[in-house]
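The structure under discussion appears below in the form of structure tokens.
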Amino acid sequence: MAATTSAPPSPAPRAGQVRARLRRARRRHHETSLGDVLTDVYVVVLFVAMYGWFGLTAVRRYLDSPAGVPGDPGERYWIAVAAALAATGLAWRILREAGPLLVSPAAQSWLFSAPVNRAALLLPRAAALVGATALGAGLLGLGAAVVAGPDRPVDLLWSALAGAASGTVAVAGAVVAQAAPRDPRWARLVDRVLLGSAGAVALLVVTGHLLDRPVPELSLPLTAAVAVLGVPVAGWAVRRAYRALGRVDRASLISGGQFAGAATSAAVLLDPTMIENLVQRRRWRSIGRVRRRPLRRGGRFAVLVGAELRRLRRHPGALPVWAALLLTMYAVAVALPASAGSWQVVLGYLAADRLTGGLRTVSRSAGLRRTLGGSDTLLRLAHVVVPAVGALVWYAATLPVVRPTVGPVDGLLLAGIVAAAYRTATRPPMRYDGPIVDTPVAMIPVDLVRRVVRGPDLVAVLVLVQLLLT
């Protein structure tokens with residue numbers, strides 16, 4: 001009887017071979033020529049450069065005008081530093097929540113489940129992400145230097161290097177955090193330090209302005225120090241990210257893909273509830289378990305208000321954001337005092353909208369309203385108490401930096417802010433089967449646009465009223 005020998009298993013393909021085979025497969029289904037791709041890239045770059053330059057020159061022209069010149073250049077510089085720190089902290093939090101390495105569902109199922117070197121597969125994506133982030137952050141730093149002026153080459157160079165280094169460190173650090181088996185403690189600490197530093201800098205500037213002690217301007221030394229220290233740190237962070245690519249698992253890639261898919265769908269369909277629902281689910285899952293405490297006895301209205309207050313206490317980010325918007329209002333009043341009234345309306349609307357979580361939940365769920373009982377008007381009025389009180393306190397706290405006296409226009413603006421937040425929270429679901437109007441510009445879906453601007457349209461009207469009556 002002849003002995004049978006099994007064939008040796010074929011070796012796993014290399015990542016380069018897999019990518020080459022995918023490119024060949026895509027070319028068979030790809031009908032766009034290289035010239036069409038280059039034309040699209042040229043059009044995108046042209047529009048970005050044209051509108052970006054227009055925006056930079058418009059902001060600089062406003063800052064150089066009598067209405068936009070602040071009282072002290074040092075205060076404006078340090079407030080810009082606080083804004084940059086806050087933007088970096090928010091970007092870091094988004095990168096940490098969304099990935100930053102993302103793959104499509106097909107790649108998750110077929111490519112990243114195969115016995116292929118995962119680090120080699122992710123390396124082109126990571127390199128493209130780091131390069132694009134460094135380029136974009138460098139352009140933002142360059143734009144900030146152009147807006148601030150004067151246009152000295154050394155200022156432009158240091159600002160571009162500082163922006164590129166900061167962006168590279170952020171995205172490389174986010175890759176290292178994504179490769180960790182659990183959400184690392186240092187990753188949560190980074191955005192808290194950045195956001196806390198932004199608040200501390202803005203608070204010091206506002207306090208110095210109120211005490212008539214302006215802070216000195218250190219634009220060139222500070223920017224040069226960030227660039228000089230940031231470049232080697234960026235190189236070290238990129239090296240750490242390269243070593244961590246092999247530890248990125250499919251779970252983190254899938255989690256980031258869900259976030260990116262929800263954000264893309266919300267942007268394409270103009271429905272922010274898609275990304276809001278995902279963020280809310282993640283937030284309540286992060287809370288885990290809460291201590292059960294009975295509500296105080298009273299009427300239906302009082303019990304609902306008490307439940308809303310407890311929801312606010314269990315939502316740790318609502319009150320800090322509300323206080324951050326209050327500090328932002330004072331910082332804007334110091335940097336751009338001529339536009340403080342308009343910013344008071346816009347930021348007041350955002351502060352009230354942060355407290356409308358219960359109102360949004362009740363308005364979007366008919367089953368929840370039937371379970372709670374009572375009329376829809378009673379439920380909505382009970383859940384609008386907390387946003388109204390929050391808007392009243394916020395408006396009263398910011399009024400001294402806008403107007404020295406209280407007048408009828410303040411009551412009108414406050415009521416309008418609460419009404420705008422109410423309109424946004426009670427926005428009906430999106431409808432895509434409504435009438436479409438043919439205009440010389442494009443086809444405009446009337447119902448879709450009306451639902452998107454529900455709330456912000458009233459804010460725009462309030463800004464016009466504030467400019468006309470004050």
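- The backbone N or O of Leu156 lies less than 3.5 Å from no partner atom in the side chain of Ser159, so there is not a single donor-acceptor pair.
- Using a distance-only test at 3.5 Å, with no hydrogens or angles considered, no donor-acceptor pair links the side chain of Arg76 to the main chain of Ala335.
- Only one option out of Thr377, Leu379, Leu378 pairs with Leu381 in a side chain to side chain contact (heavy atoms under 4.5 Å, CB included); it is Thr377.
- Taking every heavy atom of both residues into account, Ala227 and Leu161 meet most closely at CB-CB, 3.8 Å.
- For Ser342 (side chain) and Ser339 (main-chain N/O), no donor-acceptor pair under 3.5 Å exists by modelled atom type.
- Of the listed residues (Val190, Val169, Leu194), just one forms a side chain to side chain contact (heavy atoms under 4.5 Å, CB included) with Thr88, and that residue is Leu194.
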Run the numbers on Glu308 and Val385 for side-chain contact (heavy atoms from CB on, under 4.5 Å), then give the verdict.
-> CA-CA 9 Å; Glu308 184 64 12; Val385 172; over 6 Å; no
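- A distance of 10.0 Å separates OG1 of Thr168 from CG of Leu129, quoted to the nearest 0.5 Å.
- With rounding to the nearest 0.5 Å, the separation of CD in Gln178 from CZ in Arg96 is 12.0 Å.
- With Thr356 contributing its side chain and Leu359 its backbone, the two residues share no donor-acceptor pair below 3.5 Å.
- The side chain to side chain contact (heavy atoms under 4.5 Å, CB included) with His383 is formed by just one residue from the set Thr361, Val305, Leu304; it is Leu304.
- A heavy-atom distance below 4.5 Å is found between the side chains of Tyr77 and Thr223.
- If you check the side chains of Thr424 and Tyr349, you find a donor sitting under 3.5 Å from an acceptor.
- In plain terms, the two heavy atoms of Arg380 and Ser363 that are nearest each other are NE-OG, 3.6 Å.
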Between Leu245 and Leu101, does a side-chain contact (heavy atoms from CB on, under 4.5 Å) hold up when you go through it step by step?
-> CA-CA 10 Å; Leu245 287 178; Leu101 294 176; 3.8 Å; yes
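- More than 12 heavy-atom neighbours from other residues, nucleotides or ligands sit within 6.0 angstrom of CH2 on Trp186.
- Taking each heavy atom of Arg451 and Arg427 in turn, the nearest pair found is O-NE, 2.9 Å.
- Taking each heavy atom of Gly416 and Leu458 in turn, the nearest pair found is O-CD2, 3.6 Å.
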Take Val386 and Leu309, measure what side-chain contact (heavy atoms from CB on, under 4.5 Å) needs, and give me the verdict at the end.
-> CA-CA 7 Å; Val386 173; Leu309 290 174; 3.8 Å; yes
Run the side-chain contact (heavy atoms from CB on, under 4.5 Å) check on Val334 and Tyr330 step by step: do they pass?
-> CA-CA 6 Å; Val334 172; Tyr330 274 82; 5.6 Å; no
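- Put simply, the side chain of Pro100 reaches to within 4.5 Å of the side chain of Val175, judged on heavy atoms.
- Atom CD of residue Gln466 and atom CG of residue Asp410 lie 9.5 Å apart, to the nearest 0.5 angstrom.
- For the residue pair Thr426/Arg454, the side-chain donor-acceptor check at 3.5 Å is satisfied.
- Heavy atoms of other residues, nucleotides or ligands lying less than 6.0 angstrom from CH2 of Trp92 number more than 12.
- The two residues Gly89 and Asp191 come nearest to each other via the heavy atoms O-CB, 3.8 Å.
- At least one side-chain heavy atom of Trp394 sits less than 4.5 Å from a side-chain heavy atom of Gln344.
- Nearest heavy atom pair, residue Val226 against residue Ser166, reads CG1-OG, 4.2 Å.
- Within a 6.0 Å sphere centred on CZ of Arg239, other residues, nucleotides and ligands contribute 12 heavy atoms or fewer.
- Taking the charged nitrogens against the carboxylate oxygens, Asp457 and Arg450 have no contact shorter than 4.0 Å, which rules out a salt bridge.
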